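Structure first, commentary second.
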Amino acid sequence: MKKPKAWEQMDSYQWMTTKETAHYYRLIANLMKEIHAKIPDEQYHLDKVATETDIREENFQGKNYQRAVMYLMSNGCEWALKNGNGCTMCGHLAKQTRKDGPLSAHYYLEQFSEEFKRIDFSKYPLLNLYNNGSILNDNEVPAEALWEIIRMVGEKPEIKMLVIETRPEFVTKENMAEIKRLLPDKHVEVAMGLEMIDDFLRYVCINKGFSLKQFDKAARLVTQELNLRSYVLLKPPFITEQEAIEHAVQTIEHAFELGTTTVSLESCTVQDYTLVQYLSDQGAYKPAWLWSIVEVVKRTAHLGKIIVGLFQFYPSPVGVPYNCPHCSDRVMEALKEYNHTLDPSVLEHLDCSCKAEWEKELNHVHPPFEGRLSILNSELIK
């Protein structure tokens, strides 16, 4: 697809100095802290998983399998609780305990073992295990619990693949080697959120809190022993539709250059208690078009295994990408079929009258980047 003229303004954010970048970074972190303070207190059963295990699908080694997605109840992501007050689009914290310290190893082992024995892995041979944070962070999941959980996974020969999730700062040569030792015959993918290749945008638009250099270093450690799954985020706040497509393509290209086994293309959704939700309520954010997801997949599927996240999160989002009432369901079905086969040809002949509106949006000239950030200078949280 020919790049529209609007694409020429993409680099308008480069005017910002380090001082100005730091200003917005601190501002967003403080706003996220205010938003999280409004999460209502709830009572949680610490011996039970956060929600019933979700059953999804994934093409693994050329065959479509059902996979079990398990969410451990935890204190929540330390990045959201303490260090940086979380990512702008992430609503996971709203359904975690948010305690100052991690749950004891006893609780993790109790909730995991209880849920683990319920799953028939002969039917669901792929397991995604999440704590809605970094499972390799001892301050979230004690090492005693983690290694026992990994050992239990190793005792199930039916499990073909395990996916765990972490921020890059918790990846070490030692923990990668230990996972490999405990699971020598299983395909293990360590998932990390690269999101966007550009450091400035990853900091200011997502509040991710790490650099590309840090991600790349962790990626090299992962791929020495295991497999890397890289999350790429489509259309975070303050990014136009056209910019979102181009950044996603560039980020996917970089992910595969690092040796990524699987890219998970995740479109930004609207989740409760997030900055994205506030911006959406103010008319300052709209999720991506489904056409944009299709475009990114068509331009990058030849590079390697790319799966499309279908907006299935815990807790569930309140706003997701869409086209129009006439074609959204049809396009979503095509994206599901793509995930089944990893064959982008299933996306080739999609069409609808709303596609012209999407193309018009790609050509629309938006305010420069600094203008889009101006809403952050107002008093946001009432």
Side-chain angles (χ1 to χ4, degrees), residues 7 10-26 28-29 32 77-80 83-90 133-134 136-137 164-173 175-176 189-240 242-268 275 296 299-300 303-306 309 369 372-373:
W7 175 238
M10 172 185 163
D11 294 332
S12 62
Y13 54 79
Q14 292 182 349
W15 64 274
M16 285 198 171
T17 65
T18 302
K19 182 178 180 180
E20 288 164 327
T21 302
H23 163 73
Y24 282 107
Y25 183 63
R26 290 191 300 270
I28 288 173
M32 291 297 298
C77 174
E78 189 174 34
W79 176 247
N83 300 346
N85 299 297
C87 300
T88 58
M89 74 293 182
C90 181
S134 295
L136 298 179
N137 180 3
I164 57 175
E165 186 176 83
T166 187
R167 287 173 60 87
E169 58 263 39
F170 304 113
V171 173
T172 66
K173 183 177 180 179
N175 57 27
M176 293 299 97
E189 294 192 10
V190 178
M192 298 191 296
L194 171 57
E195 318 299 11
M196 303 182 78
I197 194 174
D198 186 274
D199 277 339
F200 170 81
L201 295 178
R202 194 184 320 101
Y203 274 101
V204 174
C205 299
I206 308 176
N207 196 41
K208 203 70 183 182
F210 59 76
S211 67
L212 183 64
K213 183 178 180 180
Q214 289 173 294
F215 184 93
D216 289 359
K217 179 182 177 181
R220 287 191 291 270
L221 291 175
V222 171
T223 54
Q224 285 173 9
E225 299 283 356
L226 305 168
N227 300 278
L228 176 63
R229 178 171 295 216
S230 297
Y231 295 123
V232 173
L233 185 67
L234 180 68
K235 204 183 178 189
F238 314 118
I239 298 299
T240 71
Q242 180 62 44
E243 291 169 356
I245 293 169
E246 300 300 333
H247 279 293
V249 169
Q250 292 175 14
T251 306
I252 290 169
E253 290 171 345
H254 181 76
F256 282 122
E257 288 170 359
L258 287 174
T260 293
T261 298
T262 304
V263 164
S264 186
L265 177 62
E266 302 289 341
S267 295
C268 188
L275 182 62
V296 172
R299 288 174 55 178
T300 57
L303 297 173
K305 179 184 175 183
I306 300 173
F369 193 79
R372 303 177 216 165
L373 293 178

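In this text the structure is predicted, and so the values were computed from the model without any measurement.
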- Is the number of heavy atoms from other residues, nucleotides or ligands under 6.0 Å of K305 NZ greater than 12? yes
- Message: Distance check, rounded to the nearest 0.5 Å: L275 atom CG versus I206 atom CD1?
- Response: 12.0 Å
- Audit row: R202, F210, side chain to side chain contact (heavy atoms under 4.5 Å, CB included) steps and yes/no: CA-CA 8 Å; R202 194 184 320 101; F210 59 76; 3.9 Å; yes
- Between G84 and A29, what is the shortest heavy-atom contact and its length? O-CB, 3.6 Å
- Item | Point-to-point distance, once rounded to the nearest 0.5 Å, from CE of M192 to CD of E165 | 11.0 Å
- Task: Grab the two heavy atoms, one from T251 and one from I197, that are nearest each other, plus how far apart they are.
- Result: OG1-N, 3.0 Å
- Closest heavy-atom pair and its distance - T260, A255: OG1-O, 2.7 Å
- Nearest-0.5 Å distance, OG of residue S264 to CZ of residue R229: 6.0 Å
- Rounded to the nearest 0.5 Å, what's the gap from OG on S211 to NZ on K213? Could you check? 7.5 Å
- Got R372 and T240 here, is their nearest side-chain heavy-atom distance under 4.5 Å? yes
- Task: Please report the C-alpha distance between T166 and N137 in whole Å, then the side-chain angles of each, then the deciding distance to 0.1 Å, and finally whether the side chain to side chain contact (heavy atoms under 4.5 Å, CB included) criterion is met.
- Result: CA-CA 8 Å; T166 187; N137 180 3; 5.8 Å; no
- Query: Is there a side-chain contact between K208 and Q214 (heavy atoms, below 4.5 Å)?
  - Reply: no
- Task: Flag the pair C205 / I239 as yes when at least one side-chain heavy-atom distance between them is below 4.5 Å, and no otherwise.
- Result: yes
- Query: Below 4.5 Å, heavy atoms only, C-beta onward: do M196 and P236 meet side chain to side chain?
  - Reply: yes
- Query: Within a strict 4.5 Å, meaning less than it, do heavy atoms of the M176 and L136 side chains meet?
  - Reply: yes
- Do T262 and E189 get their side chains close enough for a donor-acceptor pair, meaning under 3.5 Å? yes
- Between D216 and H254, is a side chain to side chain contact (heavy atoms under 4.5 Å, CB included) present by the stated rule, with each step listed? CA-CA 10 Å; D216 289 359; H254 181 76; 3.0 Å; yes
- R167 CZ to C87 SG distance, which is reported to the nearest 0.5 Å: 6.0 Å
- Note on the structure: In short, L234 meets A248 closest at the heavy-atom pair CD1-CB, 3.9 Å
- Query: Can we call the ring centroids of Y24 and F369 under 6.0 Å apart?
  - Reply: no
- Task: State whether the side chain of N175 and the backbone N or O of F170 hold a donor-acceptor pair below 3.5 Å, judged by distance alone.
- Result: yes
- Task: Let me see the working for L201 and E243 under side chain to side chain contact (heavy atoms under 4.5 Å, CB included), right down to the final yes or no.
- Result: CA-CA 11 Å; L201 295 178; E243 291 169 356; over 6 Å; no
- Message: If I take atom SG from residue C268 and atom CD from residue E195, how far apart are they, to the nearest 0.5 angstrom?
- Response: 9.5 Å
- Heavy atoms, side chains only, cut-off 4.5 Å: are F215 and L258 in contact? yes
- Item | Lys/Arg N to Asp/Glu carboxylate O, E246 vs R299, below 4.0 Å | yes
- Message: Minimum heavy-atom separation for V263 and V232, please, with both atom names.
- Response: CG1-CG2, 3.9 Å
- Query: Between Y231 and L194, is any pair of side-chain heavy atoms under 4.5 Å apart?
  - Reply: no
- Query: For N85, does its backbone N or O pair with a side-chain atom of N207 as donor and acceptor, under 3.5 Å?
  - Reply: no
